[in-house]
Amino acid sequence: MDVRAQMSMVFHMDKCLGCHTCSIACKNICTDRKGAEYMWWNNVETKPGTGYPTLWEDQDKYHGGWTLKNGQPRLRATDKVRGFTNIFFQPYLPQLDDYYEPWTYRYEDLFDSPEGDDQPIARPVSMVTGQNIDTIEAGPNWDDDMGGTPVYAENDPNLRGLSPQEREELFEFQRLAFFYLPRICNHCLNPGCVGACPAGAIYKRGEDGIVLISQDKCRGWRFCVSGCPYKKAYYNWNTGKSEKCILCYPRLESGQPPACFHSCVGRIRYLGVVLYDADRIEEAIKAPQGDLVEAQRRIILDPHDPQVIAAARASGVPDDWIDSAQRSPVYRFVKKWRMALPLHAEFRTLPMLFYVPPMLPVIAKIEGGTYEVSDGDIFGSLEQMRLPVRYLASLLSAGNEELVRESMRKQYAVRFYMRAVKVGDVDKGRAEQILKAAGLTAEEAQEIFYLSSLVMYNERFVIPPYSREYNIEVAELGDVGHRTAPQTHKGETGIGFRKPARRGA
Amino acid sequence: MSSDVLFLQIFPYVAVTIMVVMGIYRNVNDRFTYSSLSSQFLENGKLFWGSVPFHYGIITVLVGHLIGFLIPTGVKAWNGVPVRLYVLEITALAFGLMALIGLVTLAIRRLSDPRVQVVSTGMDFVLLLLLLVQTVTGLWTAVFYRWGSGWYVQAAVPYLYSLFAFKPQIGYVAGLPLVTKIHIINFWALCAIFPFTRLVHLVSLPFTYVTRPYQRVIWYRRDTNRPAPNPGTLPSVSQGAGVPTGLGHSDFYGRMTNTGWQGAIHKDAAV
Ligand code: HEM
């Protein structure tokens with residue numbers, strides 16, 4: 001057993017209100033630079049919808065992620081031969097227009113225009129070319145709240161698995177439903193970007209699993225952009241380097257959650273350490289499609305298990321990190337309660353960002369002029385959700401509908417049970433029955449309720465001590481001897497660039 | 001001093017000195033600027049018809065020159081049979097033409113596409129121009145002064161050897177036609193501007209990709225031998241600066257050179 005620690009995440013989709021505060025926080029801190037204007041390391045998509053970049057989930061178009069060929073994992077976009085033959089021109093590279101052309105407005109015209117008969121206007125100008133844009137045709141959230149529309153929602157790749165009848169029903173006015181999918185880099189255990197990078201500039205940090213691109217080593221071969229099935233590696237057209245979400249590691253190292261987590265208004269985000277067995281990664285990515293999520297859960301280890309603790313220590317995981325893993329909200333949502341699911345596990349990257357599926361309202365029918373919400377038995381109504389389980393399964397469980405149902409049943413059961421406890425207008429006995437049928441105990445229901453709705457800052461974000469200063473000090477003065485600071489550690493200790501990071505010639 | 005001495009004897013030394021000194025300087029000081037500076041993200045269509053023929057063409061021709069330089073006797077022997085000579089010449093010509101077509105497409109693209117113009121520098125155009133001169137003079141030589149592959153190894157290669165031996169003998173090439181001389185001098189010019197252009201993408205070719213595991217994990221420090229400290233005390237193993245190896249942590253490299261799915265290396269070992 002080779003135990004490693006991974007900074008992992010849970011997004012509770014049922015709580016996301018689609019306010020985009022996370023995106024703005026990220027934009028202000030990370031991508032407010034020339035060449036990065038079009039990037040949204042954190043973005044929030046409306047589902048059903050086509051997303052950002054448009055149709056990113058369609059791997060027949062973008063060829064991201066891994067597939068199995070003769071039982072062996074293979075990148076769809078590249079390999080050790082195509083990494084050279086396709087280097088001069090990459091067949092599957094998304095274009096600026098697949099994202100959108102970033103723009104601003106000529107605000108100064110509002111003030112500087114000469115007096116005339118008409119009101120001055122602020123014309124849109126491209127942030128790439130600086131030229132006027134006559135018609136803005138796409139933007140970072142162009143299909144925001146456009147669930148149910150034929151132009152956007154209908155093209156969602158996840159709808160492919162639905163029957164024509166299901167599709168038709170989905171776009172009926174009364175059934176219309178949508179939800180939000182906030183996305184950041186998944187900091188995968190088997191990242192497509194790392195596998196695709198010819199320069200070896202992308203790596204996973206051993207200590208916390210954050211995936212980073214060394215800006216000094218990146219040579220702009222841009223295979224990471226093609227290799228990542230989530231399209232979360234971006235090419236900076238100005239610097240000629242690729243960039244991606246860094247999970248705000250400088251913030252983590254000083255004990256703060258990433259900006260998008262910190263600013264989340266709906267408090268949908270959870271962050272914590274998960275221990276996993278790196279020796280079994282290969283096994284997990286080779287699992288049959290329907291078993292992929294379970295295979296991923298299998299390599300996530302129980303941080304309370306004495307054997308795991310011993311193995312973690314032997315693998316060099318510090319005790320305070322093990323302690324942190326024991327308090328991790330992510331572990332509980334993903335493995336203990338089995339409620340959170342990874343996005344598109346079929347891409348076989350083992351993404352470490354998990355989603356609790358949204359509890360969209362069950363189907364309502366108009367009968368005799370009034371809205372009738374079907375009551376029936378509570379789990380039966382799962383099949384009548386406005387968004388078919390099959391749709392959510394396509395998104396969150398590599399098509400395994402049972403896993404989605406399991407998670408939904410638990411959410412329903414907790415709600416029902418807590419209603420019985422707090423409001424008392426439903427039968428407690430029935431509520432307990434439902435809990436049992438969903439596979440939960442009363443204590444667990446309380447815990448889930450607490451972690452879903454009441455939980456405070458320090459329990460949502462369980463950040464282990466990074467002790468960065470101490471380690472630098474040790475390296476400089478401590479048991480190592482006479483390494484003199486700070487010259488020795490340039491580039492290693494956060495004292496990064498010695499020159500301004502400018503585009504080369 | 002004749003212009004031949006200036007351009008064929010002194011200039012090469014100046015050019016190569018600039019290339020080496022400034023190349024090392026940039027490599028040490030300004031690693032961030034190393035990039036293919038790809039503009040495919042901004043323009044996709046014309047790039048295909050430019051970059052692909054250009055690169056396949058120029059690289060093949062360049063490798064051809066290199067082979068002639070490294071094993072001139074082999075080329076002579078090959079060319080001993082006329083059919084083989086024709087095959088070589090025609091192949092070289094075809095790749096040269098490919099390079100030219102690609103180059104022209106690239107130049108047109110850079111001059112005309114508004115998005116690509118945003119990321120175009122003066123140096124980009126200087127480079128394209130010099131490369132254009134290089135391919136045109138090369139093709140000219142190939143077409144009009146045959147058989148180039150024959151006398152390349154008889155004249156140019158000994159000339160290059162003499163330069164490398166610091167006993168310059170420009171007599172080998174002084175009598176060549178003007179166009180061919182321009183081809184040679186322009187080559188030295190390309191050497192001279194090498195460290196100031198995007199050509200540096202040539203010295204960062206990603207050959208390690210062939211042998212490395214797909215996954216890369218880098219540890220600041222991973223000590224799998226030392227007992228972990230108690231919670232609350234100072235943790236000795238976690239994020240931090242690289243610690244040199246061989247300090248009694250016998251297991252250090254044992255685990256660092258992990259060949260499992262996530263190939264792992266230590267930060268100090270990372271190149
Ligand atoms: C052998 C390996 C080589 C590799 C892997 C390579 C790779 C690349 C790549 C990825 C680009 C960017 C294309 C884009 O815009 O997307 C590029 C551009 C370029 N390369 Fe290379 N190259 C190689 C050899 C050469 C050679 C031998 C030359 C010339 C002597 C050369 C000259 C250029 C030039 C001039 C450009 C800019 C093209 C433009 O105007 O857009 N390359 N190369």
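Letters go in sequence order (proteins before strands), and every chain restarts at 1. The structure presented is a predicted model; accordingly, all values stated were derived computationally and were not measured.
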Quick check on [X] against chain B: is it the side chain, the backbone, both or neither that has a heavy atom closer than 4.5 Å?
X       : value
L75(A)  : side chain
D79(A)  : both
P464(A) : neither
T239(A) : both
Y38(A)  : side chain
T85(A)  : both
I87(A)  : side chain

Between I202(A), D97(A), V211(A), which residue shows the highest count of heavy-atom pairs closer than 4.5 Å to chain B?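 Most heavy-atom pairs within the cutoff with chain B belong to D97(A).
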If you count heavy-atom pairs under 4.5 Å with chain B, which of N86(A), I322(A), T129(A) comes out on top?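 It is T129(A).
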So which part of [X] gets closer than 4.5 Å to some heavy atom of chain A, the side chain, the backbone, both or neither?
X       : value
F196(B) : backbone
I193(B) : neither
E43(B)  : backbone
F207(B) : both

Both conditions, 6.0 Å and 45 degrees, for the charged tip of R222(A) above the ring of F41(B): are they met here?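 Here R222(A) fails the 6.0 Å and 45° test against F41(B).
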Pick whichever of M123(B), R212(B), H201(B), R26(B) has the most heavy-atom pairs under 4.5 Å with chain A. R212(B)
Contact leader toward chain A among T121(B), L205(B), T197(B), where contacts are heavy-atom pairs under 4.5 Å: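 Highest number of heavy-atom pairs under 4.5 Å: T197(B).
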Which word best sums up how the rings of Y56(B) and F88(A) line up, parallel for under 30°, tilted for 30 to 60°, or perpendicular for over 60°?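 The rings of Y56(B) and F88(A) stand perpendicular, inter-plane angle above 60°.
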Option passing side-chain hydrogen bond (donor to acceptor under 3.5 Å, both in side chains) with R115(B) (candidates E101(A), Q131(A), Q95(A)):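 The option that passes is E101(A).
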Is there a side-chain hydrogen bond (donor to acceptor under 3.5 Å, both in side chains) between Y466(A) and D208(A) once you walk through the steps? CA-CA 9 Å; Y466(A) 273 74; D208(A) 58 7; 2.7 Å; yes
W103(A) atom CH2, over 12 foreign heavy atoms within 6.0 Å: yes
